[in-house]
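Since the structure comes first, as structure tokens, the remarks are kept for the end.
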Amino acid sequence: MKTLFLPLKINSSTNITTLTSQADSALAEALSAADIQQLPRTSPEIKDLKTWPPKPADLKKIADAHQIDYIATGSLTEIGGQFSIDVKLFDTLSPESPTYYYQTGKNPDELPMLLLKIITGIQAYIDRDFRISSIAPEGNSRIDSGAILRKIKTKAGDAYDPAALRQDLKSIYKMGYFNDVQIDVQDTANGKKIIFRVVEKPVIQSVIFEGIDELKEEDVKEAANIKEHFILNPVKISAAEEAIRQLYKTKGFYNSKVNSTISYPNDKGAVVRFIIDEGEKIYIKKISFEGNTTFDDDELLDVIETKEKWFLSWLTEAGLLDMVKIKQDTSRIIAFYNNHGFLDARIGEPEIRQEKEWLYLKFVIDEGPRFRVGTVEFSGDIIGSKDKMLDLLQIRKEKYLSRQILREDILKLTDYYAESGYAFANIRPITRKTTGNRIDINFKISKGDLVYIDRITIKGNTRTRDNVIRRELKIAEGGVFNSKALRQSTQALQRLMYFEEVNITPEPSLNPARMNIVVEVKEKSTGTFSIGAGYSSVDKLILMGRISENNFLGRGDTLALSGNISGFSSRFNLGYTNPHLNDSSFSWGMDAFSTKREYDDYTKDSKGGGIRMGYPIWGKWKFFGNYSYTNTDLTDVEDTASYVIRKSVDLHVTSAIKVSLVRDTRNRLYGASSGSRNVLSVKFGGGPLGGDAQFTKLEGSTSWYFPLPFKTIFHIKGAAGQVFENETDKLPVYERFYLGGLNSVRGFKYAKISPIDEASGDRIGGDKMWYSNIEFIFPLLETQGLRGVFFFDSGQVLDDDQNWGDFTDSIKKAAGVGVRWLSPMGPLRLVWGFNLDPLEDEDKTVWDFSIGGTF
């Protein structure tokens with residue numbers, strides 16, 4: 001049917017010219033998508049019309065001239081900012097009975113949309129015998145109509161196509177929710193009305209499992225995944241049967257059988273019954289390999305996860321057949337061969353054979369040739385020296401080519417370029433086979449643009465100030481991108497112990513040569529408390545506690561109050577530390593303290609304070625300085641006390657300065673697994689500083705952690721010290737050395753390793769000491785942070801009459817075991833130490849205990 005649309009008559013009190021242009025343009029746009037002609041406003045037929053709408057005779061004349069079947073004409077009226085479009089559609093065979101269309105709007109911009117609606121209605125009317133007016137499902141009560149309509153590709157307004165509707169019927173049926181689907185087609189004034197009449201399947205009233213004995217019913221139900229009150233779907237029932245069979249196979253029931261039945265006992269729904277014949281549990285008796293000439297069966301058995309049955313299979317489930325695991329084992333074997341030079345190795349489908357109550361598994365391998373590493377070269381954009389880059393590569397040290405090592409070397413080279421600012425370097429290994437089954441490797445490098453850091457954004461810190469985080473970063477805005485500096489920044493933020501999580505992520509910016517850095521942290525409670533308890537024949541019950549805020553006011557400062565109390569001693573300390581004065585590398589702090597302790601022959605009471613400072617000097621080495629002023633009173637001194645003790649009564653004031661050099665590279669402050677801590681210190685009292693005590697004290701220690709296989713750790717520590725009297729009888733007894741306890745030589749009570757005054761029998765300490773700790777640390781419950789430790793400690797305190805050459809005499813040695821746990825209340829240590837060569841006045845075994853926590 002041919003249709004002609006006449007230009008709209010414009011009725012407006014203002015700006016008719018503009019509105020006419022807008023209307024003609026909108027009409028042309030709307031008609032462009034329809035098979036309808038437009039008669040221009042400038043055509044002679046329009047100019048000759050005397051009335052509007054045209055009289056039937058005038059319409060007949062236009063229809064004959066253009067040989068069309070329908071003519072549409074109308075008007076656009078603007079009144080008070082409102083627009084209305086009135087259109088009449090004339091059938092040229094009977095123009096006396098037009099069809100009317102009407103749309104309204106508030107803005108001239110709506111004209112294309114309004115005209116499109118009218119033209120769509122006109123098309124539907126003209127093509128009503130060949131168009132679909134509506135399409136909908138009927139008969140569905142549980143399945144949403146929208147879900148059904150999404151399966152129907154035919155839409156309202158489309159041409160009537162029986163073949164397409166039949167395809168839609170199949171799509172609805174494949175949903176699996178209907179027993180029957182029929183199409184009902186009805187003719188209406190606006191076209192074909194399509195109805196998909198569906199008959200829903202029943203719901204599942206109940207699901208019954210029979211024959212379950214060896215497995216838990218909950219596990220079988222979870223595998224089947226068939227729920228009550230859901231629509232019955234036979235396809236899902238079949239899938240459930242297979243899922244149950246696979247579950248039984250993974251548990252060793254290789255010959256299990258599963259069948260299902262569906263019954264309809266009443267009109268409430270269907271009953272699904274799974275009937276299971278578990279059969280006997282079958283284990284893998286033997287795993288063999290065929291075609292492996294380079295590696296024996298034992299080597300390959302170590303590669304795969306599937307294992308043969310052994311006497312603890314009832315506990316470990318070793319020997320059960322799991323097809324998913326076997327497919328993964330196939331990949332593991334191929335990767336193993338690829339990493340040992342067999343780049344063309346292939347493996348067939350694993351062969352599974354059953355003989356009576358046993359399974360036999362065989363992997364058939366085609367090893368292929370073995371390739372050695374040939375020459376290793378670089379091409380493209382090379383930075384630095386080739387020798388330095390070659391030193392990074394492990395592959396050149398390998399006899400045979402390994403895909404795994406090759407991948408690791410690519411990562412090393414990529415990181416090497418990223419450390420120099422080339423964040424998007426592309427490194428591609430070009431391999432070439434040569435004579436003698438050798439493969440030459442050429443790392444083709446495209447370094448890309450030098451990348452600078454544009455902006456550093458910090459997220460997640462609600463309490464910690466930005467400057468506290470920024471001063472720990474090893475990168476800066478405007479600086480060159482450096483992947484190593486990013487890792488160091490992450491470690492530095494983690495070591496603050498302010499955050500549960502630290503993530504530093506590079507993000508692209510609008511400029512490809514620049515990159516943004518996002519530092520995202522998750523804060524944690526930084527207030528801490530620690531408590532400890534111990535028992536000894538000297539102090540009886542000892543209570544220890546510390547309360548601190550390690551991120552005071554969000555500035556990164558530490559304010560702490562600690563105290564130790566027992567029936568015979570007490571110590572209190574109030575300290576403040578600013579780790580970065582004005583965001584510099586200079587740290588400082590101050591302390592006020594009070595201590596009191598009752599000894600066998602005297603009581604020591606000290607009060608004082610001090611100021612501390614620190615500054616990094618080179619690499620990981622840091623300098624620390626400390627000035628302290630202490631006023632000490634020794635009371636209750638027995639007349640029979642040692643001369644060293646009695647002379648110390650007159651040494652009240654100690655004015656001393658202590659300087660230390662510290663290098664700490666441990667990966668964690670608590671529970672370190674790698675790195676070291678090294679300390680050298682000198683303490684000088686008296687002289688120009690004043691005070692009664694006059695001495696110089698030297699100490700040093702070194703502690704190293706080495707990671708071992710199976711997440712075990714080897715730790716070794718050594719420490720030594722010596723103190724000198726700068727004036728005779730001016731060295732206080734409490735500045736001398738004593739050993740024993742959790743932090744020196746375990747297996748001895750605190751401070752019980754000491755020279756003894758022969759005349760009085762008092763422990764008076766020594767002027768020289770050394771001790772060592774050797775530990776083997778292993779996980780007990782890794783997920784809970786519980787670790788065990790075996791240790792061997794040794795040490796010695798020498799008196800004034802002994803030289804370092806006499807250190808072999810009377811060395812104290814102890815061994816033992818301990819438990820360490822990062823508990824919810826904080827670090828816990830429990831140690832049992834055994835004195836390997838006890839004297840008459842020494843205990844053979846000693847227990848020590850401490851615990852700490854957070855709030």
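The basis for the numbers below is simple: all heavy atoms, side chains too, and nothing from hydrogens, waters or symmetry mates.
No side-chain donor-acceptor contact under 3.5 Å links Ser25 to the backbone of Gln22. Under the 3.5 Å distance criterion, the side-chain polar atoms of Tyr101 are left unmatched by any main-chain donor or acceptor of Gly74. A donor-acceptor pair is defined here as one N or O able to donate and one able to accept, closer than 3.5 Å; no such pair exists between the side chain of Asp557 and the backbone of Phe552.
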Can you check salt bridge (Lys or Arg N to Asp or Glu O under 4.0 Å) on Lys221 and Glu218, steps first, answer last? CA-CA 5 Å; Lys221 286 182 177 180; Glu218 292 79 7; over 6 Å; no
Should Asp583 and Arg471 be marked as a salt bridge (Lys or Arg N to Asp or Glu O under 4.0 Å) after you check the CA-CA gap, both sets of side-chain angles, and the distance that decides it? CA-CA 6 Å; Asp583 291 336; Arg471 68 195 184 193; 3.0 Å; yes
Apply the test side chain to side chain contact (heavy atoms under 4.5 Å, CB included) to residues Lys444 and Ile427: give CA-CA distance (whole Å), side-chain angles for both, the deciding distance (0.1 Å), then the verdict. CA-CA 6 Å; Lys444 188 174 183 180; Ile427 300 174; over 6 Å; no
Trace of the side-chain hydrogen bond (donor to acceptor under 3.5 Å, both in side chains) decision for Glu523 with Thr462: CA-CA 8 Å; Glu523 291 180 316; Thr462 59; 2.9 Å; yes
So Met497 and Lys524, side chain to side chain contact (heavy atoms under 4.5 Å, CB included) or not? Walk me through it. CA-CA 8 Å; Met497 303 298 288; Lys524 67 177 181 180; 4.0 Å; yes
Quick one: do Glu200 and Ser141 satisfy side chain to side chain contact (heavy atoms under 4.5 Å, CB included)? Show the steps, please. CA-CA 8 Å; Glu200 290 181 330; Ser141 60; 3.0 Å; yes
For Arg41 and Asp24, run side chain to side chain contact (heavy atoms under 4.5 Å, CB included): C-alpha distance rounded to whole Å, both residues' side-chain angles, the deciding distance at 0.1 Å, then the answer. CA-CA 8 Å; Arg41 192 178 294 275; Asp24 290 348; 2.8 Å; yes
I'd like to know whether His66 forms a side-chain hydrogen bond (donor to acceptor under 3.5 Å, both in side chains) with Glu45, so could you lay out the CA-CA distance, the side-chain angles of the two residues, the decisive distance to 0.1 Å, and finally the verdict. CA-CA 11 Å; His66 293 274; Glu45 292 95 332; 3.1 Å; yes
With side-chain hydrogen bond (donor to acceptor under 3.5 Å, both in side chains) as the criterion, how do Gln82 and Glu78 come out once you've worked through the C-alpha distance, each side chain's angles and the decisive distance to 0.1 Å? CA-CA 6 Å; Gln82 299 284 331; Glu78 178 192 12; over 6 Å; no
Begin with the C-alpha distance, continue with both residues' side-chain angles, and end with the deciding distance and a verdict on salt bridge (Lys or Arg N to Asp or Glu O under 4.0 Å) for Glu110 and Lys106. CA-CA 7 Å; Glu110 298 179 16; Lys106 297 181 180 180; over 6 Å; no
Audit row: Asn516, Thr457, side-chain hydrogen bond (donor to acceptor under 3.5 Å, both in side chains) steps and yes/no: CA-CA 8 Å; Asn516 297 324; Thr457 304; over 6 Å; no
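In the displayed structure, Tyr177 atom OH is contacted under 6.0 Å by at most 12 heavy atoms of other residues, nucleotides or ligands. Under a cut-off of 6.0 angstrom, the local environment of CD in Glu242 is crowded, with over 12 non-hydrogen atoms contributed by other residues, nucleotides or ligands. Counting non-hydrogen atoms of other residues, nucleotides and ligands closer than 6.0 Å to NZ of Lys236 gives a total of 12 or fewer. More than 12 heavy atoms of other shown residues, nucleotides or ligands fall within 6.0 angstrom of atom CZ in Phe209. Environment of CZ in Phe230: sparse, with no more than 12 heavy atoms of neighbouring residues, nucleotides or ligands closer than 6.0 Å. Within 6.0 Å of atom NZ in Lys412, more than 12 heavy atoms from other residues, nucleotides or ligands are found, so the atom counts as buried in its surroundings. Other residues, nucleotides and ligands contribute only 12 or fewer heavy atoms inside 6.0 Å of the CG atom of Asn582. By the neighbour-count criterion of 12 heavy atoms within 6.0 Å, atom CG of Leu510 is sparsely surrounded, having that number or fewer from other residues, nucleotides or ligands.
Between Asp168 and Lys151 there is no salt bridge, since no side-chain nitrogen of the basic residue lies less than 4.0 Å from a carboxylate oxygen of the acidic one. By the 4.0 Å N-to-carboxylate-O rule, Asp184 lies close enough to Arg197 to be salt-bridged with it. A salt bridge between Arg463 and Glu549 is present, with a side-chain N of the basic residue lying under 4.0 Å from a carboxylate O of the acidic one.
Between Thr464 and Val521 there is no side-chain heavy-atom pair separated by less than 4.5 Å. Side-chain atoms of Asn503 and Glu501, non-hydrogen and from C-beta on, do get closer than 4.5 Å to each other. For the pair Pro54/Leu6, a side-chain contact is recorded, criterion being any heavy-atom separation below 4.5 Å from C-beta on. Taking 4.5 Å as the limit, every side-chain heavy atom of Thr3 sits out of range of all side-chain heavy atoms of Ile71. Counting only heavy atoms from C-beta outward, the side chains of Glu241 and Arg245 approach each other to under 4.5 Å. Using a 4.5 Å heavy-atom threshold, the side chains of Leu111 and Leu76 count as touching. A 4.5 Å side-chain heavy-atom check between Ile208 and Val271 finds at least one atom pair inside the cut-off. Two residues are said to be in side-chain contact when any heavy atoms from C-beta on lie closer than 4.5 Å; Asn107 and Phe83 fail this criterion.
Heavy-atom minimum distance, Ala136 versus Leu149: CA-CD2, 4.4 Å. Heavy atoms only, all atoms of each residue included: Met515 and Ser509 are closest at N-OG, 3.9 Å. Nearest heavy-atom pair across Gly269 and Pro202 is CA-CB, 4.4 Å. When all heavy atoms of Leu165 and Ile132 are compared, the pair lying nearest together is CD2-CD1, 4.5 Å. Nearest heavy-atom pair across Val87 and Ala72 is CG1-CB, 4.3 Å. The heavy-atom pair separating Ile237 from Phe274 by the smallest distance is O-CE2, 4.0 Å.
Checking His229 against Gln205 by side-chain atom types alone, no donor-acceptor pair falls below 3.5 Å. Of the N and O atoms on the side chains of Asn511 and Asp454, not one donor lies less than 3.5 Å from an acceptor on the other residue. Counted by atom type alone, Asn11 and Lys9 present one or more donor-acceptor pairs between their side chains at under 3.5 Å. Side-chain contact, Thr77 with Asp86: no donor N or O sits under 3.5 Å from an acceptor N or O. Under 3.5 Å, the side chains of Thr154 and Asp161 contain no donor-acceptor pair of N or O atoms. Remark: the Ser84 side chain and the Gln103 side chain contain no N/O donor-acceptor pair separated by less than 3.5 Å.
To the nearest 0.5 Å, atoms CD1 (Ile517) and CD1 (Ile458) are separated by 12.0 Å. Put simply, CZ on Phe196 and CD1 on Ile148 are 10.0 Å apart, with the number rounded to the nearest 0.5 Å.
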Output side-chain donor-acceptor pairs under 3.5 Å for residues 415-425, partner residues at least two apart or in another chain, one line each.
from	atom 1	to	atom 2	distance (Å)
Asp415	OD1	Ser483	OG	2.8
Asp415	OD1	Arg487	NH1	2.9
Asp415	OD2	Arg487	NH1	3.0
Asp415	OD2	Arg487	NH2	3.0
Tyr416	OH	Ile383	O	3.2
Tyr417	OH	Asp381	O	2.5
Tyr417	OH	Ile383	N	3.4
Glu419	OE2	Arg487	NH2	3.1

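Taking Phe443 as the reference, Phe378 meet the ring-ring contact (aromatic ring centres under 6.0 Å, His included) condition, with sequence neighbours excluded.
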